[in-house]
Amino acid sequence: MQYLFVVVVMILLIPGQVRLQQSKRAQDIIDKAIVVHGGKAFQNCAFSFDFRDRTYTYRHKKGKYRYTRRFKDDEGRIVTDILTNDGFERTVNGERQQLTQEDASRYANSVNSVHYFAFLPYFLNDPAVNKELLGEAVIEGETYYKIRVTFDKEGGGKDFEDIHMYWIHKDHFTMDYMGYSYEVDGGGVRFRKAYNAREVGKIRFQDYINYKHDKNTPVEEMDHLYENGELQELSRIELKRITRI
């Protein structure tokens, strides 16, 4: 009877041990990818870049950040959005605007999203990020680690229910493909292929071809669909005029 109890306990513990090992391995892979993409240069840096006719600035120093977005509205006024550790604010022609909580949250999320994707994989070590190695995949003849990322509700942001996938090259540790499923605006799923990789200020920047599929498609299956030519190109994610400031 005692032997049976021990066996049952071991059976119950094994899945948890496997998940822990997968999480530790995923962490190791992400750590190596961050080093390849910029490493310590991410921690204290400042850049400006253009994305879809809007100018962004990114500043990180000792845990403090300041993200901005600057553009002209339909009336030709200069709109500046500023997101920091202390919150969000918008100015129009230099005058601070009074915003509803809903609008402030929406604008802040938009600004944060652009910076988040531009500086991946750096943000994959945020405290609210959970990583799991699902195995390996072959895409266009190259072997990749396939890592699934989920987010804690606490600290995971407005879109904490989203699921992200990252395909990290097994030998080079570059993040060549990524995908995500999202719940807002009716939900959907995306897959991105990196291209035009270049280094600016010791950080690797990449543009992406953005693909879509049926919104109910599990994001984990997007690599297979891409290989089979079943994804539809939606857009190009291009960062222009990247400058260290």
So which of Arg236, Arg192, Arg198 actually passes salt bridge (charged side-chain N to carboxylate O under 4.0 Å, His left out) with Asp207?
-> Arg198

Could you state the interatomic distance from [atom1] ([X]) to [atom2] ([Y]), rounded to the nearest 0.5 Å?
X: Ile163; Y: Thr150; atom1: CD1; atom2: OG1; answer: 7.5 Å
X: Thr80; Y: Asn93; atom1: OG1; atom2: CG; answer: 8.5 Å
X: Glu132; Y: Leu134; atom1: CD; atom2: CG; answer: 5.0 Å

Can you pull the salt bridge (Lys or Arg N to Asp or Glu O under 4.0 Å) pairs that have at least one residue in [range], sequence neighbours excluded?
range: residues 165-179; value: Glu136-Lys170
range: residues 73-94; value: Arg69-Asp81, Asp73-Arg77, Glu75-Arg77, Asp81-Arg90, Glu89-Arg96
range: residues 107-117; value: none
range: residues 116-130; value: none

Does Val92 sit in a hydrophobic cluster with other residues, and if so which ones, taking ILVMFWY side chains as linked at heavy-atom separations under 4.5 Å, directly or through other members?
-> Phe71, Val79

How is the hydrophobic cluster of Ile78 composed, in terms of its other members, when Ile, Leu, Val, Met, Phe, Trp and Tyr link through side-chain heavy atoms under 4.5 Å apart, directly or indirectly?
-> none

Candidate pair Phe117 and Tyr180, rule ring pair (Phe, Tyr, Trp, His ring centres under 6.0 Å), full reasoning = CA-CA 11 Å; Phe117 284 112; Tyr180 62 96; 5.4 Å; yes

Please tell me whether [X] and [Y] form a close aromatic pair, meaning their ring centres lie under 6.0 Å apart.
X: Phe88; Y: Tyr67; value: no
X: Tyr177; Y: Tyr144; value: yes
X: Phe47; Y: Phe205; value: yes
X: Phe191; Y: Trp167; value: yes

Is any NZ, NE, NH1 or NH2 atom of the basic residue among Asp28 and Lys131 found under 4.0 Å from an Asp or Glu carboxylate oxygen of the other?
-> no

side-chain contact (heavy atoms from CB on, under 4.5 Å) against [X], all qualifying residues, sequence neighbours excluded:
X: Gln98; answer: none
X: Val114; answer: Phe49, Phe51, Tyr56
X: Asp214; answer: Asn216, Thr217
X: Glu227; answer: Ile139, Glu140

Partners of Asp103 by salt bridge (charged side-chain N to carboxylate O under 4.0 Å, His left out), sequence neighbours excluded?
-> Arg106

Measure up the Tyr58 and His115 rings against each other and bin them: parallel (under 30°), tilted (30 to 60°), perpendicular (over 60°).
-> parallel

Of all pairs that satisfy side-chain hydrogen bond (donor to acceptor under 3.5 Å, both in side chains), the ones with a partner from residues 43-52, not counting sequence neighbours | Asp50-Thr55, Asp50-Arg241

